[in-house]
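Working notes, beginning with the structure itself.
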Amino acid sequence: MQFRLTYQEISNLIERKAGRSLPIIYGGPHTVRIAYEVNMFVKTASVGIDLTVEQIDSEGNIILSYAGGMGIDFMIRTALNHAQGQPGGDMIEQLPDNRIKLCLSKNAQAGTLFDHITLKDIFFDEQFAIVEFEPKL
């Protein structure tokens, strides 16, 4: 079974929750590019980050890798350090080599969902982010 979301739907959800628009662009079968506007002293610069879904385990944990240069590495490390101690911060683990582990099973709602489904894959095409899963019988 599949669940499909357009990139615009994901971007709108992020904007509603975080108050910031993040355009999402197809980057390959398991990769998306996310643009982020950074206000510099006298101008605004667009910074891009490539997120790749590397692995999904049987518990619903997702390992992502990211690429975007030293500035992105610094921003990600800073954001992850800030997230520790915040609600949901225990769901995110920094791994070596620009990788992040999302422990979705640590979230009560997602944990309940994973009692009923097995997450198989997350991949992308030109229009959609596609979540593939199968029900547990």
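Numbers here simply count residues along the sequence, with the first being 1.
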Practice prompt. Output all residues satisfying side-chain contact (heavy atoms from CB on, under 4.5 Å) with I100, sequence neighbours left out; order by chain, then residue number.
Written response: Y66, I76, L80, I92, L102
Worksheet item: Does any pair with a residue in residues 125-137 pass salt bridge (charged side-chain N to carboxylate O under 4.0 Å, His left out), and if so which ones, sequence neighbours excluded?
Response: R4-D125
Discussion item. Rounded at 0.5 Å granularity, tell me how far CG in L113 sits from CZ in F133.
Written reply: 8.0 Å
Worksheet item: Taking atom OG of S105 and atom CG of L119, what is their separation to the nearest 0.5 Å?
Response: 11.0 Å
Discussion item. The criterion is side-chain contact (heavy atoms from CB on, under 4.5 Å); which residues satisfy it with A83, sequence neighbours excluded?
Written reply: none
Worksheet item: Linking I/L/V/M/F/W/Y whenever any side-chain heavy atoms sit under 4.5 Å apart, do V131 and L13 land together?
Response: no
Item to complete: Identify the two heavy atoms, one from R77 and one from Q94, that lie closest to each other, and give their separation to 0.1 Å.
Response: CG-OE1, 4.4 Å
Worksheet, complete the sentence: Rounded to the nearest 0.5 angstrom, the NZ-OG distance for K120 and S58 is 9.5 Å
Discussion item. Could you work out, with side-chain contact (heavy atoms from CB on, under 4.5 Å) as the rule, every residue matching E9, not counting sequence neighbours?
Written reply: L5, T6
Worksheet item: Which pairs with one or both residues in residues 100-119 pass salt bridge (charged side-chain N to carboxylate O under 4.0 Å, His left out), sequence neighbours excluded?
Response: none
Discussion item. Run the side chain to side chain donor-acceptor pair (under 3.5 Å) test against N81 and tell me which residues pass, sequence neighbours left out.
Written reply: none
Practice prompt. With sequence neighbours left out, write down each residue that passes side chain to side chain donor-acceptor pair (under 3.5 Å) with S65, or none if nothing qualifies.
Written response: E54
Discussion item. Could you work out, with side-chain contact (heavy atoms from CB on, under 4.5 Å) as the rule, every residue matching T78, not counting sequence neighbours?
Written reply: F74
Discussion item. Starting from I25, can I reach L64 by hopping between I/L/V/M/F/W/Y residues whose side chains sit under 4.5 Å apart?
Written reply: no
Worksheet entry | Sequence-distant partners of Q8, side chain to side chain donor-acceptor pair (under 3.5 Å), two or more places apart | N12
Fill in: V32: which of L51, I10, I49 passes side chain to side chain contact (heavy atoms under 4.5 Å, CB included)
L51
Discussion item. With side-chain hydrogen bond (donor to acceptor under 3.5 Å, both in side chains) as the rule and sequence neighbours excluded, what pairs involving residues 22-35 come up?
Written reply: H30-D121, T31-T52, R33-D50
Worksheet entry | Q109, CD atom: more than 12 neighbouring heavy atoms under 6.0 Å | no
Discussion item. Could you check whether atom NE2 of H116 has more than 12 heavy atoms from other residues, nucleotides or ligands sitting under 6.0 Å from it?
Written reply: yes
Discussion item. Side-chain heavy atoms under 4.5 Å apart, restricted to Ile/Leu/Val/Met/Phe/Trp/Tyr: what other residues fall into the cluster of L95, or is it alone?
Written reply: I63
Practice prompt. Supply the members, apart from I130, of the Ile/Leu/Val/Met/Phe/Trp/Tyr cluster built from side-chain contacts under 4.5 Å; use none for a lone residue.
Written response: F123, F128
Practice prompt. Mind listing the closest non-hydrogen atom pair of S21 and S11 along with its distance?
Written response: OG-OG, 4.1 Å
Worksheet entry | Nearest heavy-atom neighbours spanning E93 and C103 | OE2-SG, 3.7 Å
